[in-house]
2 protein chains.
Amino acid sequence: MTRRIPQIILALALSIPFHSLYSQNKSAFNGFDLVDKAGNISKPQDVRDTYQFLGTYTPTGSNGDTEMHVTYASPGAAQYYRKYGKFADGTVLVKETFMTDHASFTTGDARWATKTGVWFVMIKDSKNRFPNNPLWGNGWGWALFKADAPDKQVATSYKKDCLGCHVPAQSTDWLYVQGYPVLKSK
Amino acid sequence: MTRRIPQIILALALSIPFHSLYSQNKSAFNGFDLVDKAGNISKPQDVRDTYQFLGTYTPTGSNGDTEMHVTYASPGAAQYYRKYGKFADGTVLVKETFMTDHASFTTGDARWATKTGVWFVMIKDSKNRFPNNPLWGNGWGWALFKADAPDKQVATSYKKDCLGCHVPAQSTDWLYVQGYPVLKSK
């Protein structure tokens, strides 16, 4: 009888709903597992499979090309945001940029994502952990990875490489939250 | 000593990565929990928090309005698809349609999702479970829920209410898989 108890508990644990697991498991906000002592940021793995979707933006550049920018957050991020109105320390956001294609379907001409361009990674840092590292500041760690070398962080300064595009969103912690419906309602 | 074993196993179980949990837990493909004996389909809950993102399409209708159609899949769906080239029996897909807004940002004019219009729900049925139900056929169960009554299924016939838009995608099991990058690589 005694030997069966662990099996029962394992079975119970595996049947916990995913959203309960997210809220119970504090390691959902484990972004600093991706950061070494000097503040160097590694790219999170399995983002498409394990992160939650926040939203898509479709910017059209001056050359006429339309991209899709898809933002994912580490598990549990939106639930926390809806409760506290901000992202938890250690939350990881990943913005994957895509080239697009388009065609006419029965509901009209539609565009969709094709090849990945780059990944922007942000890690919420409420404690100003790396004041002397040029990739940390304004409450976040900032990183950039490109499709031709997806695990090589290539940004050198968040102010130079990242912040320009975020300035219009300064009042919402540098994020375009208006396009992320899950932050308002599940 | 014996009494500590369950705690240890529970701790181990809670530290299992989410993607391992998905692949081990067969209930990830539990779409038929949403279906009653007659084949009536209920809307899955917590989709934005717990499902995985497949892709976004941005159709522009004949009235010039551009929508965003965001498709989510039940947990583990993409991992299974990458392995077997098809969706598992019981997989749930949800397409949430959004109205959009747009504005000029530093990377160009960009569009984003605002209010939800409808949710289309599909449940993979490899066994032709409901041959006499007009909401089941072509390997799927089909359902439609609208934002003004989000839990009321309003489709009466998948051929009349759903299939028209899917005809161009017949060769890929009625789905526009070309816009779902996660089905090709994680």
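Model, not experiment: these values are computed from the prediction. Here is how names work: the chains are called A, B, and so on, in the same order as the sequence lines, proteins then strands, and each is numbered from 1.
For A:Val70, the part lying under 4.5 angstrom from a heavy atom of chain B is the side chain only. Residue contact with chain B, scored on non-hydrogen atoms closer than 4.5 Å, involves the backbone and the side chain of A:Thr56 alike. The parts of A:Gln178 that come within reach of chain B are both its backbone and its side chain, each placing non-hydrogen atoms under 4.5 angstrom from that chain. Of the two parts of A:Ser185, the backbone and the side chain both hold a non-hydrogen atom closer than 4.5 Å to a non-hydrogen atom of chain B. Only the side chain of A:Phe98 comes within less than 4.5 Å of a heavy atom in chain B; its backbone stays farther off. In this structure, chain B has a heavy atom under 4.5 Å from the side chain of A:Phe105, while its backbone stays farther away.
Across B:Trp112, B:Tyr176, B:Tyr72, the residue that shares the most heavy-atom pairs under 4.5 angstrom with chain A is B:Trp112. Put simply, of B:Arg82, B:Glu96, B:His166, the one with the most heavy-atom pairs under 4.5 Å next to chain A is B:Arg82. Between chain A and the residues B:Gly179, B:Ala103, B:Ala169, B:Ala73, the largest count of heavy-atom pairs under 4.5 Å involves B:Gly179. Counting heavy-atom pairs closer than 4.5 Å to chain A, the top residue among B:His102, B:Lys115, B:Met68 is B:Met68. Most heavy-atom pairs under 4.5 Å with chain B: of the set A:Ser104, A:Cys165, A:Gly55, A:Gly61, this distinction falls to A:Cys165. Ranked by heavy-atom pairs under 4.5 Å with chain B, the list A:Asp101, A:Asp109, A:Thr114, A:Val167 is led by A:Asp109.
By the 4.0 Å N-to-carboxylate-O rule, B:Arg129 lies close enough to B:Asp89 to be salt-bridged with it. Of the charged side-chain nitrogens involved, none lies within less than 4.0 Å of a carboxylate oxygen, so that A:Lys186 and B:Asp49 do not count as a salt-bridged pair.
The cationic atom of A:Lys95 (NZ for Lys, CZ for Arg) lies less than 6.0 Å from the six-membered ring centre of A:Phe120 and within 45° of the ring axis. Judged by a 6.0 Å distance limit and a 45° cone about the ring axis, B:Arg48 is not positioned over the six-membered ring of B:Phe53.
By the 30° and 60° cut-offs, the orientation of the rings of A:Tyr57 relative to A:Tyr180 is perpendicular.
Inspection of the B:Thr91 and B:Tyr80 side chains reveals no N or O donor paired with an N or O acceptor under 3.5 Å.
Screening B:Trp136, B:Trp142, B:Trp140 against B:Tyr158 for a ring-ring contact (aromatic ring centres under 6.0 Å, His included) leaves a single residue, B:Trp142.
In this structure, A:Leu144 and A:Lys146 approach most closely via the heavy-atom pair CD2-CE, 4.2 Å.
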